[in-house]
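Each remark here refers to the structure printed beneath this line.
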Amino acid sequence: MTDPKEILHNYWGFEHFRESQLEIIESVLKGQNTLALLPTGGGKSICFQIPGLLLDGVTLVVTPLIALMIDQVNELKKRNIKAVAIHGGLSSREIDILLDNCIYGGIKFLYLSPERLTSELFLARLEKMVITLFVIDEAHCISQWGHDFRPYYLKIKDFTELFPMKKLIALTASATEEVKKDIIKQLDLADPKVFQNSYARANLSYVVFKGENKFQKVYDILTKVAGSSIVYVGSRKRAEQVSRDLSQKGISAQFYHAGLSFDERNQRQAAWIQSKLRVMVATNAFGMGINKPDVRFVVHYSLPKSPTHYYQESGRAGRDGLPAKCIVFYNFGDRSVLASMIAQDSDGNRMARMTHNKTNQLEQ
């Protein structure tokens with residue numbers, strides 16, 4: 001198959017591309033440096049997965065979270081597309097076998113973290129691979145103004161100098177004008193082709209509730225309307241408490257935060273994606289890039305840290321295009337807590353980032 005529309009139909013079952021997808025794919029195939037800024041749920045993955053299937057060799061995908069890697073690899077495998085992810089949850093022997101498969105086994109997509117690009121073992125094995133497309137997913141992480149800043153994203157430019165890529169695409173769903181310019185600068189994209197669609201999602205409705213008894217309101221919503229949900233909270237302790245209280249009232253719920261082991265997070269995410277679990281009560285460690293189309297509610301039990309966080313987190317609702325609700329609960333105390341968090345972040349931002357990124361490096 002050499003036609004993107006034919007691949008879209010045969011592998012994904014769709015007859016038509018969404019806005020800008022085909023133009024982005026054509027830009028990548030022409031070898032233009034491409035930056036795609038599409039809304040959450042706007043079909044970013046297809047913009048590099050279809051070119052990856054059309055090109056001979058391996059598509060190398062840099063992405064920041066293990067959960068995101070595993071989700072996308074599982075989605076590709078469901079479509080009988082050979083894909084693997086290398087991450088810290090694997091043994092050295094398992095990683096060695098996967099790298100061999102990328103060289104000799106017909107693997108089409110290799111997912112890894114930006115930290116892995118500095119590994120001497122990986123760089124030595126990469127010399128034997130045929131890399132035809134380089135993908136930087138969640139590219140806002142490269143910017144110091146991005147809400148998920150990761151210093152190792154800054155080393156991607158060093159990597160591309162060692163291994164020049166003829167075809168490159170960077171993608172994100174949450175970039176301000178400042179972040180967009182920084183992505184282009186940090187990746188040293190020469191004459192990039194930039195695609196930017198409206199972030200508006202007509203199927204999402206936004207509601208704000210003010211009041212004290214948040215739990216009762218969340219419970220009332222979940223009992224009146226069916227469907228998968230995410231409840232975002234501001235702390236690990238609150239995630240465990242709300243999850244426990246919902247479970248005691250007969251709601252299928254579980255909690256998710258960065259304090260869980262790799263296996264626990266993976267198992268809970270899988271149960272939620274497969275609708276064996278209805279409600280995930282989570283900190284913002286959960287959800288980036290997760291492809292679950294039928295989320296009917298995203299509830300912020302605690303105020304989000306910023307408008308950018310809120311846009312990305314609420315955008316996990318209604319990816320199937322059907323109506324979904326994004327609900328924020330707040331009271332006067334929440335405003336005080338958030339103001340304190342913002343002040344602490346401003347005063348101790350550098351130390352917080354160092355701690356956050358050290359944790360990420362250990363995980364990846």
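Here, residue 1 is the first one in the sequence, and each next residue gets the next number.
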I need the Leu187 CG to Leu154 CG distance, nearest 0.5 Å. 9.0 Å

For the atom pair CD1 (Ile142) and CD1 (Ile156), what is the distance rounded to the nearest 0.5 Å?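 Output value for this atom pair is 5.0 Å.
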
Assess whether a salt bridge exists between [X] and [Y], defined as any Lys/Arg side-chain N lying under 4.0 Å from an Asp/Glu carboxylate O.
{"X": "Lys217", "Y": "Asp220", "value": "no"}
{"X": "Glu23", "Y": "Lys193", "value": "no"}
{"X": "Asp100", "Y": "Lys128", "value": "no"}
{"X": "Lys292", "Y": "Asp294", "value": "yes"}

For [Y], does its backbone N or O pair with a side-chain atom of [X] as donor and acceptor, under 3.5 Å?
{"X": "Lys82", "Y": "Leu76", "result": "no"}
{"X": "Asp182", "Y": "Glu178", "result": "no"}
{"X": "Arg278", "Y": "Leu222", "result": "yes"}
{"X": "Thr132", "Y": "Asp56", "result": "yes"}
{"X": "Lys108", "Y": "Gly57", "result": "yes"}
{"X": "Gln21", "Y": "Ile46", "result": "no"}
{"X": "Arg150", "Y": "Pro114", "result": "no"}
{"X": "Arg265", "Y": "His257", "result": "no"}
{"X": "Ser143", "Y": "His140", "result": "no"}
{"X": "Ser243", "Y": "Glu240", "result": "no"}

Do [X] and [Y] touch side chain to side chain, with heavy atoms closer than 4.5 Å?
{"X": "Leu121", "Y": "Arg125", "value": "yes"}
{"X": "Ile184", "Y": "Val194", "value": "yes"}
{"X": "Tyr111", "Y": "Asp137", "value": "no"}
{"X": "Leu29", "Y": "Leu55", "value": "yes"}
{"X": "Leu110", "Y": "Ile86", "value": "yes"}
{"X": "Leu22", "Y": "Pro4", "value": "yes"}

Indicate the atoms forming the closest heavy-atom contact of [X] with [Y], along with that distance.
{"X": "Ile221", "Y": "Phe209", "answer": "CD1-CE1, 4.4 Å"}
{"X": "Leu322", "Y": "Asn203", "answer": "O-ND2, 2.8 Å"}
{"X": "Phe48", "Y": "Leu133", "answer": "O-CD2, 3.7 Å"}
{"X": "Asn197", "Y": "Ser20", "answer": "OD1-OG, 2.8 Å"}

Between Phe286 and Trp272, how do the two ring planes meet: parallel, tilted or perpendicular, split at 30° and 60°?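 Ring orientation, 0 to 90° scale: perpendicular.
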
Restricting to ring pair (Phe, Tyr, Trp, His ring centres under 6.0 Å), what partner residues turn up for Phe215, sequence neighbours left out? none

List the steps, then state whether ring-ring contact (aromatic ring centres under 6.0 Å, His included) holds for Phe163 with Phe134. CA-CA 10 Å; Phe163 297 91; Phe134 186 44; 9.9 Å; no

Within 45° of the axis and under 6.0 Å from the centre of the six-membered ring of Phe255, does NZ or CZ of Arg244 qualify? no

May I ask you to check if Lys214 and Phe329 form a cation-pi contact, with NZ or CZ under 6.0 angstrom from the six-membered ring centre and within 45° of the axis? no

For Arg79 and Glu75: C-alpha separation, side-chain torsions, deciding distance, then whether salt bridge (charged side-chain N to carboxylate O under 4.0 Å, His left out) applies. CA-CA 7 Å; Arg79 294 173 169 81; Glu75 287 296 315; 3.2 Å; yes

Indicate whether any N or O donor in one side chain lies under 3.5 Å from an N or O acceptor in the other, for Lys276 and Gln274. yes

Run the side-chain contact (heavy atoms from CB on, under 4.5 Å) test against Gln267 and tell me which residues pass, sequence neighbours left out.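 Result, side-chain contact (heavy atoms from CB on, under 4.5 Å) vs Gln267: Asp263.
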
With sequence neighbours excluded, tell me which residues meet side-chain contact (heavy atoms from CB on, under 4.5 Å) with Val225.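 Here the qualifying residues are Phe297.
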
